[in-house]
Amino acid sequence: MTEKIVLGTRGSDLALAQTYLVEKAIHAARPELRIEMKIIATKGDSAKVVDVRAGRKGLFTAEIERALLAGDVDLAVHSAKDLPSEINRGAEIAAVLPRARTDDVLISKHSGGLAGLPNGATVATGSVRRTRQLHWRRPDLQVVDLRGNVPTRLRKLAENNWDAIVLARAGLERLGLSLARNEINFDGRKFFVEILSREVFLPAGGQGIVALQIRSDDASSREIVDPINDRDTLFCLRAEREFLRLLQGDCQSPVGVLAEMETEKMKLYAQIFEHGSALPREGEVVGAYDDGERLAAQLLKEINGK
């Protein structure tokens, strides 16, 4: 009988696009393997209103992880930034796909990017990190909450009296929306695009990474995903997640953290916004490419010392 593997995923357009990338990679490495996909509804998909104060830990991942641990699926496919910094001990991130672009993008009804927005313009985002970053550069902006998948968010921009929204570049490009001409067309509407500076808009931990989670004791699934794992991306993800774990932060914390590889060295950057201060505390460290956990602790110590 042909060996098979069952992939668990959310049903959003982006989640499915990412799962198809996983399916394609596995098929290239193991063409004899039968691959099935199981769509799992999560709390985040069904929630009409999200309490920002409660955070988003596990909002889009917990049900998929439960299905994995119950044996209903063999491999859970996640957007890495949605995973809590501490996951169930019975599961682990065994592999990741190569990282997509990590930038945030301003999608606007006006040309000229962030600087070109009118005074007091309304910008929508579902991220407290992006909210603080926007106010750092443009204190005059009115920032409103934004929920839904990528197409829904673009439709909301078209339908509401907003000036712009902020989205992750990786999600737009994985859905086939090209940013090459600094504009996108969606549902017959043209929007202007600015790729935002990472010096200000440092991304969330794990942004742009597709994470593959298996049961810790599942040697068969580990063997299947190992050939498609991108080593450098996994090292970077571990460093970013360790920084968030030490900080007890998640994707709704006003924290940016990014690890990058340069000639077998890892550079780790972080940015922390605190209550009552418009300016973030920032820092960066450099070390061995496979020593991300120690670098995370060193970086947090450096930032806390400022």
Side-chain angles (χ1 to χ4, degrees), residues 43-44 47-62 79-87 102-106 114-115 117 119-148 153 162-168 196-208 237 239-259 268-285 292-293 295-306:
K43 184 178 179 182
K48 299 298 183 187
V49 178
V50 176
D51 184 353
V52 174
R53 295 167 300 177
R56 292 175 58 192
K57 287 190 177 183
L59 199 60
F60 295 103
T61 61
S79 290
K81 71 180 178 64
D82 289 335
L83 280 166
S85 53
E86 294 191 62
I87 57 180
T102 59
D103 312 278
D104 281 337
V105 175
L106 185 80
L114 184 62
L117 291 176
N119 188 58
T122 299
V123 180
T125 174
S127 160
V128 294
R129 170 186 60 85
R130 290 170 177 151
T131 297
R132 298 294 296 272
Q133 290 166 335
L134 284 165
H135 280 148
W136 179 22
R137 279 297 175 257
R138 288 287 305 268
D140 60 292
L141 295 177
Q142 303 297 312
V143 181
V144 297
D145 193 37
L146 177 63
R147 300 290 163 187
R153 293 180 183 211
W162 300 340
D163 296 282
I165 61 176
V166 181
L167 299 175
L196 295 166
S197 161
R198 282 195 314 188
E199 284 69 34
V200 176
F201 290 85
L202 198 64
Q207 186 160 312
L237 178 60
E240 293 167 16
R241 287 174 56 77
E242 176 64 6
F243 183 84
L244 292 173
R245 187 190 70 80
L246 293 171
L247 196 64
Q248 295 186 313
D250 69 355
C251 64
Q252 273 302 102
S253 299
V255 177
V257 58
L258 177 67
L268 185 62
Y269 311 84
Q271 178 190 75
I272 302 172
F273 288 89
E274 294 182 325
H275 182 71
S277 174
L279 301 177
R281 288 188 294 138
E282 301 176 281
E284 67 176 80
V285 292
E293 283 85 352
L295 287 175
Q298 180 185 335
L299 179 55
L300 185 57
K301 184 178 180 180
E302 177 186 308
I303 291 175
N304 284 338
K306 292 186 175 181

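Just so you know, these numbers come straight off a predicted model, no measurement behind them.
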Expected output: side-chain [X] to main-chain [Y] donor-acceptor under 3.5 Å:
X	Y	answer
R153	V166	no
Q271	V200	yes
R281	E274	no
H135	L141	yes

Does the side chain of Q133 pick up a donor-acceptor pair with the side chain of R129 at under 3.5 Å?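 Their side chains do contain a donor-acceptor pair, which is all the 3.5 Å distance test asks for.
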
Side chains of Q207 and E240, donor plus acceptor under 3.5 Å: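 No pair is found: no donor N or O on one side chain lies under 3.5 Å from an acceptor on the other.
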
Would you say the side chain of [Y] lies within less than 4.5 Å of the side chain of [X], judging by non-hydrogen atoms?
X	Y	answer
F243	I303	yes
I272	P254	no
R137	L114	yes
T102	L258	yes
W162	L146	yes
V255	L244	yes

Measure across [X] and [Y] and return the closest heavy-atom pair with its distance rounded to 0.1 Å.
X	Y	value
L167	R130	C-NH2, 3.8 Å
L268	A239	CD1-CB, 4.3 Å
G206	A80	O-CB, 3.6 Å
R245	E86	CG-CG, 3.6 Å
V105	L196	C-CD1, 4.1 Å

Step by step, work out the side chain to side chain donor-acceptor pair (under 3.5 Å) result for D163 and Q142. CA-CA 10 Å; D163 296 282; Q142 303 297 312; over 6 Å; no

Measure the [atom1]-[atom2] distance between [X] and [Y] for me, rounded to the nearest 0.5 Å.
X	Y	atom1	atom2	result
E242	L300	CD	CG	9.5 Å
T61	D82	OG1	CG	7.0 Å
R241	K81	CZ	NZ	13.0 Å
D140	N119	CG	CG	4.5 Å
Q248	L246	CD	CG	9.0 Å
E293	Q298	CD	CD	13.5 Å

Run the numbers on I165 and T125 for side chain to side chain contact (heavy atoms under 4.5 Å, CB included), then give the verdict. CA-CA 6 Å; I165 61 176; T125 174; over 6 Å; no

Begin with the C-alpha distance, continue with both residues' side-chain angles, and end with the deciding distance and a verdict on side chain to side chain contact (heavy atoms under 4.5 Å, CB included) for V257 and Y269. CA-CA 6 Å; V257 58; Y269 311 84; over 6 Å; no

Using side chain to side chain contact (heavy atoms under 4.5 Å, CB included), reason through L117 and V123 one step at a time and then give a plain yes or no. CA-CA 9 Å; L117 291 176; V123 180; 3.7 Å; yes

Determine, stepwise, if the pair F201 / L106 fulfils side chain to side chain contact (heavy atoms under 4.5 Å, CB included). CA-CA 11 Å; F201 290 85; L106 185 80; over 6 Å; no

